[in-house]
Visitor: 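Handing you a structure now.
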Amino acid sequence: MLTKAPKGTKDVLSTESFKWQYLERIFREVCESFGYKEIRTPVFEHTELFERGVGETTDVVQKEMYTFEDKAGRSITLKPEGTAPVVRAFIEHKLYSGAMPLKFFYITPCYRYERPQAGRLREFHQFGIEVFGSSHPAVDVEVMSLVYNIYKILGVEGIELSINNIGCPKCRTEYNKKLREFLKDKLDSLCETCQSRYEKNPMRILDCKNERCQTEIIDAPLMVDYLCNECSDHFEKVKEYLEIAGIEYKVDPKIVRGLDYYTKTAFEFISNEIGSQSTVCGGGRYDGLVEELGGPQTPAVGFGMGMERLLLTLENNGIEVPREKGLDIFIVTIGDKADKEAFRLLNNLRKNGISADKDYLERSIKAQFKYSDKLESEYTMVIGDDEVDKGIVSIKNMKTGEQQEVKLNNLIDELKFKLGR
RNA sequence: GUGGAUAUAGCUCAGCUGGUUAGAGCGCCAGAUUGUGGCUCUGGAGGCCGUGGGUUCGAAUCCCACUAUUCACCCCA
């Protein structure tokens with residue numbers, strides 16, 4: 001137990017971390033080019049924030065939150081998603097009083113108590129963005145376009161964008177009423193989960209994979225057909241802007257978001273190659289959330305992307321993440337005197353921006369070379385008594401095997417030249 | 001919360017229907033090459049065979065329980 005990471009968590013070892021750094025770098029670059037700024041919020045929040053923000057009836061809140069009491073008896077919850085905390089910060093710091101729209105991105109761990117499976121962990125990492133202050137449909141599309149760009153840059157193929165409009169509180173309650181009416185006398189032939197969905201979230205029934213349920217709902221009314229003028233107008237404009245952006249999409253009237261705050265636009269990017277958890281990115285508009293949490297009425301859009309799932313997608317696309325470079329130079333030492341000289345040299349090299357390392361195990365020359373090879377050093381130099389006395393060392397290019405004599409006091413300039421620094 | 005699969009060396013796995021010192025490849029360490037890596041060859045270290053119980057003269061192997069991992073459902077990124 002002591003030497004086992006808790007269920008649903010994973011160490012990112014140094015042999016993997018370069019992939020994360022790569023993804024994070026791409027996110028940051030793309031966000032910067034879209035004018036988004038980073039925001040960092042705490043890993044834990046008051047439980048109430050998620051109850052109110054995500055919705056008391058959602059599965060996330062009802063059975064998946066890491067909730068505990070702190071020493072003063074406050075109920076604290078590890079963030080299960082990224083949006084509510086950003087909205088909280090937006091309200092707390094009265095950011096609505098500044099220039100709009102306001103565009104943020106974040107990279108954060110999230111926590112949900114679930115049974116782990118492929119593409120699903122209890123601690124997972126989410127990359128997301130939020131835009132506050134504009135109800136313009138083009139903003140919805142900008143958000144999707146940012147995701148689209150990331151996939152393009154990463155070289156990910158076979159990801160499909162599905163969009164829907166799930167209405168606003170006004171037309172959705174109207175629609176839910178219609179849907180319940182339609183399902184009322186079919187209730188008995190629906191599967192168990194769908195029966196519980198009937199009250200909680202009847203739209204979800206449309207998405208059921210159970211065949212019996214599917215045949216029952218063939219003629220069910222669809223949200224798209226019951227949108228109010230404002231919502232359906234918004235939906236049409238989103239499609240127009242998607243055309244302008246040149247982003248392929250399909251309308252999927254069955255997309256339903258499991259978080260209560262979504263309004264109007266809901267979208268998903270789906271990959272069919274990473275197992276059952278096919279949603280690689282999900283997002284949408286949430287025009288009512290800021291107000292719900294005590295701020296002024298402020299429209300907003302955003303998305304969240306699971307980084308573990310993105311990594312899976314890359315793997316299954318056969319995309320190799322560029323590896324980090326090896327060491328510039330490794331110093332092989334022979335004897336005590338040389339060891340001290342090498343230690344002094346290391347310091348100098350590093351100060352000059354040349355990454356350098358040496359042996360610390362007093363191993364044979366051969367073993368030191370092997371180790372240098374493992375570190376993927378560009379160069380390896382040998383230093384023993386002779387070299388210290390004469391002030392001349394030989395440096396070996398590890399790719400070509402060529403060796404060259406260099407004066408110790410010229411070493412740094414010579415290396416800088418060779419490395420193109 | 002529900003269901004299925006799996007658990008043997010650091011990693012990937014073999015070990016047939018129970019039979020005595022548990023194997024391979026890779027990795028690690030060393031030597032062949034006494035101051036030069038990658039290739040090759042040789043040797044070495046490294047296992048409570050997930051944990052506990054049971055059946056048996058005898059269990060890595062069969063049975064049960066537990067734990068962990070994993071996949072799927074629910075739900076979500």
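Throughout, protein chains are lettered first and strands after them, A, B, ... in sequence-line order, and every chain is numbered starting at 1. Being a predicted model, the structure only gives us computed values, none of them experimental.
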Visitor: Which residue pairs pass the side-chain hydrogen bond (donor to acceptor under 3.5 Å, both in side chains) test when at least one of the two sits in residues 176-191 of chain A, sequence neighbours left out?
Guide: S189(A)-E216(A)

Visitor: Would you please confirm or rule out a distance under 4.0 Å between OP1 or OP2 of U70(B) and any side-chain N or O of Q117(A)?
Guide: no

Visitor: Rounded to the nearest 0.5 Å, what's the gap from CG on D287(A) to CZ on F132(A)? Could you check?
Guide: 11.5 Å

Visitor: What is the separation between atom CZ on R309(A) and atom P on C71(B), rounded to the nearest whole Å?
Guide: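 Between P of C71(B) and CZ of R309(A): 12 Å.
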
Visitor: Report which part of the nucleic acid S276(A) touches: base, sugar-phosphate, or nothing (heavy-atom distance under 4.0 Å, all strands).
Guide: sugar-phosphate

Visitor: Heavy atoms only, 4.0 Å cut-off, all strands: where does L121(A) land among base, sugar-phosphate and nothing?
Guide: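 Counting heavy atoms under 4.0 Å across all strands, the contact made by L121(A) includes a base.
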
Visitor: Taking atom OH of Y360(A) as the centre, report whether more than 12 heavy atoms of other residues, nucleotides or ligands fall under 6.0 Å from it.
Guide: yes

Visitor: In whole Å, measure the gap between the C1' atoms of U67(B) and U51(B) for me.
Guide: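 Those two atoms are separated by 7 Å.
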
Visitor: Using atom C1' of each nucleotide, how far apart are G50(B) and A60(B) to the nearest Å?
Guide: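 Rounded to whole Å, the distance is 12 Å.
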
Visitor: Contact class for V280(A) vs. all strands (heavy atom < 4.0 Å): base, sugar-phosphate, or nothing?
Guide: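 The residue V280(A) makes sugar-phosphate contact but no base contact.
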
Visitor: The criterion is salt bridge (Lys or Arg N to Asp or Glu O under 4.0 Å); which residues satisfy it with K396(A), sequence neighbours excluded?
Guide: none

Visitor: Using the ring-ring contact (aromatic ring centres under 6.0 Å, His included) criterion, which residues pair with F303(A)? Sequence neighbours excluded.
Guide: F127(A)

Visitor: Classify the nucleic acid contact of L259(A) as base, sugar-phosphate or nothing, counting any heavy atom under 4.0 Å across all strands shown.
Guide: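 Sugar-phosphate contact only - L259(A) comes under 4.0 Å of backbone atoms but never of a base.
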
Visitor: Could you give the distance separating G47(B) and G31(B) at their C1' atoms, to the nearest angstrom?
Guide: 26 Å

Visitor: What is the distance, rounded to the nearest whole Å, between atom CD of E273(A) and atom P of A77(B)?
Guide: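 Taking atom P of A77(B) as the reference, CD of E273(A) is at 21 Å.
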
Visitor: Could you state the CZ-P distance from R363(A) to G31(B), rounded to the nearest angstrom?
Guide: 12 Å

Visitor: Please state the P separation for the pair U40(B) and G52(B) - nearest whole angstrom.
Guide: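 Straight-line distance between the two P atoms is 42 Å.
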
Visitor: When you match P116(A) and S278(A) each to their closest nucleotide on RNA chain B, which lands nearer the 5' end?
Guide: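 The residue mapped nearer the 5' terminus is P116(A).
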
Visitor: When you look at CZ of F105(A), are more than 12 heavy atoms from neighbouring residues, nucleotides or ligands closer to it than 6.0 Å?
Guide: yes

Visitor: Counting only heavy atoms and a strict 4.0 angstrom limit, can you tell me which residues of residues 2-23 of chain A come near RNA chain B?
Guide: K4(A), K7(A), K10(A)

Visitor: Using the P atom as the reference point in each nucleotide, state the distance between C11(B) and C16(B) in Å, no decimals.
Guide: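 Approximately 22 Å lies between the P atom of C11(B) and that of C16(B).
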
Visitor: Give a yes or no on whether Y113(A) atom OH has more than 12 heavy-atom contacts from other residues, nucleotides or ligands under 6.0 Å away.
Guide: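 Check fails, neighbour count at 12 or below.
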
Visitor: Scan E130(A), E32(A), E142(A) and name whichever one has a salt bridge (Lys or Arg N to Asp or Glu O under 4.0 Å) with K103(A).
Guide: E142(A)

Visitor: Measure the distance from CG on D59(A) to P on C73(B) and round it to the nearest whole Å.
Guide: 14 Å

Visitor: Taking only residues two or more places apart in sequence, or in another chain, which ones meet K358(A) in a side chain to side chain donor-acceptor pair (under 3.5 Å)?
Guide: D339(A)

Visitor: Please identify each residue that fulfils ring-ring contact (aromatic ring centres under 6.0 Å, His included) with Y36(A), with sequence neighbours left out.
Guide: none

Visitor: Between residues 122-130 of chain A and RNA chain B, which residues have a heavy-atom gap below 4.0 Å?
Guide: F124(A), Q126(A)

Visitor: Take atom CD of E157(A) as the centre, draw a 6.0 Å sphere, and report whether it contains more than 12 heavy atoms from other residues, nucleotides or ligands.
Guide: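 No, CD of E157(A) has 12 or fewer neighbouring heavy atoms, counting only those of other groups under 6.0 Å.
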
Visitor: Provide the distance between the two P atoms, one in U21(B) and one in C39(B), to the nearest whole Å.
Guide: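 These two P atoms come out 38 Å apart once rounded.
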
Visitor: Using the C1' atom as the reference point in each nucleotide, state the distance between A7(B) and A14(B) in Å, no decimals.
Guide: 15 Å

Visitor: By salt bridge (Lys or Arg N to Asp or Glu O under 4.0 Å), which residues pair with D225(A), not counting sequence neighbours?
Guide: none

Visitor: Can you tell me how far P of A30(B) sits from CD of E362(A), to the nearest Å?
Guide: 13 Å

Visitor: With the criterion being N/O to N/O and under 3.5 Å, what pairs connect the protein with nucleotides 1-4 of chain B, and how long is each?
Guide:
unit_1: U2(B); atom_1: O4; unit_2: R115(A); atom_2: NH1; d: 2.8
unit_1: U2(B); atom_1: O4; unit_2: R115(A); atom_2: NH2; d: 3.4
unit_1: G3(B); atom_1: O6; unit_2: R115(A); atom_2: NH2; d: 3.0

Visitor: If I take atom NZ in residue K374(A) and atom C1' in nucleotide G27(B), what distance separates them, rounded to the nearest angstrom?
Guide: 9 Å

Visitor: My understanding is that only one of H125(A), K79(A), E81(A), Q126(A) makes a side-chain hydrogen bond (donor to acceptor under 3.5 Å, both in side chains) with T108(A); could you say which?
Guide: K79(A)

Visitor: Under 3.5 Å, which protein N or O atoms sit close to an N or O of nucleotides 36-40 of chain B? Give each pair with its distance.
Guide:
unit_1: U36(B); atom_1: O2'; unit_2: K396(A); atom_2: NZ; d: 3.3
unit_1: U36(B); atom_1: N3; unit_2: Q403(A); atom_2: OE1; d: 3.0
unit_1: G37(B); atom_1: N7; unit_2: K396(A); atom_2: NZ; d: 2.8
unit_1: G37(B); atom_1: N1; unit_2: M398(A); atom_2: O; d: 2.4
unit_1: G37(B); atom_1: N2; unit_2: D373(A); atom_2: OD1; d: 2.7
unit_1: G37(B); atom_1: N2; unit_2: M398(A); atom_2: O; d: 2.8
unit_1: G37(B); atom_1: N3; unit_2: D373(A); atom_2: OD1; d: 3.1

Visitor: Look at atom CD of Q403(A) and say whether more than 12 heavy atoms of other residues, nucleotides or ligands are closer to it than 6.0 Å.
Guide: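 For Q403(A), atom CD is crowded (more than 12 foreign heavy atoms under 6.0 Å).
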
Visitor: Reading 5' to 3' and counting Watson-Crick or G-U wobble pairs with both distances under 3.5 Å, write the dot-bracket notation for RNA chain B, | for bases paired outside the strand.
Guide: (((((((..((((.....[...)))).(((((.......))))).....(((((..]....))))))))))))....

Visitor: Nearest heavy-atom pair of Y175(A) and L222(A): which atoms, and what distance?
Guide: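 The pair with the smallest heavy-atom distance is CE1-C, 3.3 Å.
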
Visitor: Which residue pairs satisfy the salt bridge (charged side-chain N to carboxylate O under 4.0 Å, His left out) criterion with at least one member in residues 399-415 of chain A, sequence neighbours excluded?
Guide: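 For residues 399-415 of chain A: E378(A)-K399(A).
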
Visitor: Are any non-hydrogen side-chain atoms of V251(A) and S162(A) less than 4.5 angstrom apart?
Guide: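 The answer is no, as the side chains (C-beta and beyond) never meet within the 4.5 Å cut-off.
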
Visitor: How do E268(A) and S364(A) order along RNA chain B: which one's closest nucleotide is nearer the 5' end?
Guide: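 The residue whose closest nucleotide sits nearer the 5' end is S364(A).
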
Visitor: Tell me the interatomic distance from D389(A), atom CG, to G35(B), atom P, rounded to whole angstroms.
Guide: 17 Å

Visitor: Rounded to whole angstrom, note down the C1' distance from G23(B) over to A9(B).
Guide: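 After rounding to an integer number of Å, I get 10 Å for this pair.
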
Visitor: Indicate the atoms forming the closest heavy-atom contact of Q117(A) with S276(A), along with that distance.
Guide: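 What the structure gives for the nearest pair is NE2-OG, 3.9 Å.
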
